[in-house]
Protein chains: 2
Amino acid sequence: MDDAAGRTRTERLAAEIAEAIVTGTLAPGSRLDEQALADQYGVSRTPVREALRQLGTSGLVEVRPRRGAVVAQVTAAQLADLFVAMAEIEATCARLAAQSMSPLERRRLDALHDAMGDLARTDDPASYARANTAFHGAIYAGAHNAVLSDFALSLRRRLQPYREAQFRLEGRLARSHAEHGAVVAAILAGQAVEAHAAMLRHVTLVESSVEGLLAREGVDEGGAARPVVPGTHGGARRQS
Amino acid sequence: MDDAAGRTRTERLAAEIAEAIVTGTLAPGSRLDEQALADQYGVSRTPVREALRQLGTSGLVEVRPRRGAVVAQVTAAQLADLFVAMAEIEATCARLAAQSMSPLERRRLDALHDAMGDLARTDDPASYARANTAFHGAIYAGAHNAVLSDFALSLRRRLQPYREAQFRLEGRLARSHAEHGAVVAAILAGQAVEAHAAMLRHVTLVESSVEGLLAREGVDEGGAARPVVPGTHGGARRQS
DNA sequence: GCACCGGAAATTGCATGCAACACAGCGAGA
DNA sequence: TCTCGCTGTGTTGCATGCAATTTCCGGTGC
């Protein structure tokens, strides 16, 4: 368990806290008490503070000067912005990928897409979700632009709690795979405009699918300031 | 001078160091010694460390575990990535702005563009640069998407040292204004695709203009790992 | 009953101190 | 002469302690 691995405590803390937020263990809006976190992870407040600042700039937590940090509250409006931004960035990556992916990258993307077809047919949401991350990651990488791909990855992380549940929707896997098919076809053919459009459609559909889920969970979508709670994934343990 | 203004030392430090980097006072690659910065600003190492971490996540400085922080070195390849990303994001914002700007926002954008015409004709690079920031900011805001506009602003900040010089190029102001004209026309007409294309063209032209400048300053553009130094703007003072 | 105000507890912001690691310089051996 | 290892110095990482601010809570006046 002691995988120090050369990294510093601050880094490990940032990673662990981020993980806890992304997986839903730390619910949005919950207070991040420095001393409590320090006790919990067996360190002092200093590395905790640095980790929180770091997560603050990346948007996962909100640090209010002299008033402590909380897990970032995402309102419906902000969630919509995040999804729109995600869709646009992904679509841009897809367009660039269509223009600049190497033949090897294209073959690998095609193979990955094929493999996901099997997962969709056997209806294995967990495996599909993992492969889905790899699929989109391959397209980010194929854009050959570190800045865009970093941003896409960070957006994906921030949206993680909200998109996980949707793969369990009936038939979502098959539809997702079909949408991917359009993206892959356009990229393989080097059709930039089509790749952009196909990806934009795909991610927008994911968004509406998530919105449907949230609405079903009783989230008032019109309300502006009300925070959106992601679907509960496993026990949301709280520290006393 | 003591404008504490409720903000914490860490925040002010982060802002000041960022300013120093953006304006070129702190040259890329220069070491950021914690104790030296602490002495320079009359604080202890703790807020300096936190500020550096913060700037680290936003990409302005590079923090290497146990090896100190340096002002982010931007290689030619990374600079190209930054400009491509900037162009794509700006173009996306322009497309969204064309779709969703309010009539009031459109009128203001038009007025701003008109005012910049005068600045371009009287050839006032400093004022034009300020107005230019406002112009692009108006388009980010017009996209009505906080995530995209934040990202665009942060990219703009990171590229600031590299784009400042280009307004001094002969005739660049007039050309910039003409390119803006195409963007504004498309946005006012609600033509999303044209707005995207016009903005992409504009920012790409800025990029090639900057690349021309850098090449003239003797930067080996083919070399991968060699860092690019921005044009010197004023006295690059060093701390002893 | 409600708003306002003052004091105590809690929590953050920051300074300081110590230990661990990185890097430079020097000397011994091949 | 070159390489390797050792030691010393400087810097970073982290723990701890104190001061300042916020927040909570009870009391008072309206």
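Below, chains carry the letters A, B, ... as their sequence lines are ordered, and counting in each starts from 1.
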Problem - Sidechain N-carboxylate O distance under 4.0 Å for B:E90, B:R156 - result: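 Salt bridge: yes.
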Handout entry: DNA chain D: 5'-proximal contact among B:Q35 and A:G42 (nearest heavy atom)
Key =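 By nearest-heavy-atom nucleotide position, the 5'-most residue is B:Q35.
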Practice task
Tell me yes or no: between the side chains of B:Y41 and B:R12, is some donor less than 3.5 Å from an acceptor?
Solution key: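 Checked: B:Y41/B:R12 side chains show no N/O donor-acceptor pair below 3.5 Å.
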Selection from [options] that lies nearest to any side-chain heavy atom of [X]:
X	options	value
A:R31	C:dT12, D:dA15, C:dC14	C:dT12
B:R45	C:dG13, C:dG17, C:dA15	C:dG17
A:R53	D:dC14, C:dC14, C:dG13	C:dG13
A:R66	D:dC14, C:dT12, D:dT11	C:dT12
B:T10	D:dA15, C:dC14, C:dT12	C:dC14

Could you check how far [atom1] of [X] sits from [atom2] of [N], rounded to whole Å?
X	N	atom1	atom2	answer
B:D33	D:dG13	CG	P	12 Å
A:L52	C:dT12	CG	C1'	12 Å
A:R64	C:dG13	CZ	C1'	15 Å
B:R49	C:dT16	CZ	P	16 Å
B:Y41	C:dC14	OH	P	15 Å
A:L32	C:dT12	CG	P	10 Å

Practice task
With heavy atoms under 4.0 Å as the rule, sort A:R9 into base, sugar-phosphate or nothing.
Solution key: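 Sugar-phosphate contact only.
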Exercise for the section: Remember a base hit wins even if backbone is also touched, and classify A:E34 as base, sugar-phosphate or nothing at under 4.0 Å, heavy atoms. Expected result: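 Contact class for A:E34: sugar-phosphate only.
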Problem - C:dA20 OP1/OP2 closer than 4.0 Å to side-chain N/O of B:R67 - result: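 No, no such contact exists.
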Exercise for the section: Give a yes/no answer on whether the side chain of A:T8 brings an N or O atom under 4.0 Å of OP1 or OP2 in D:dT12. Expected result: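 It does not, given that no N or O in the side chain of A:T8 lies less than 4.0 Å from OP1 or OP2 of D:dT12.
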Practice task
To the nearest 0.5 Å, tell me how far B:E11 CD sits from B:L13 CG.
Solution key: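 Nearest 0.5 Å value for the CD-CG distance: 10.5 Å.
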Handout entry: Between CZ on residue B:R45 and CG on residue B:L37, distance to nearest 0.5 Å
Key =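 The distance works out to 11.5 Å.
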Problem - Presence of donor-acceptor pair under 3.5 Å, side chain of A:T46 and base of D:dT16 - result: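 In this structure, the two groups form a donor-acceptor pair.
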Problem - Flag side-chain contact, heavy atom, 4.5 Å: B:R49 against A:T46 - result: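 The answer is no, as the side chains (C-beta and beyond) never meet within the 4.5 Å cut-off.
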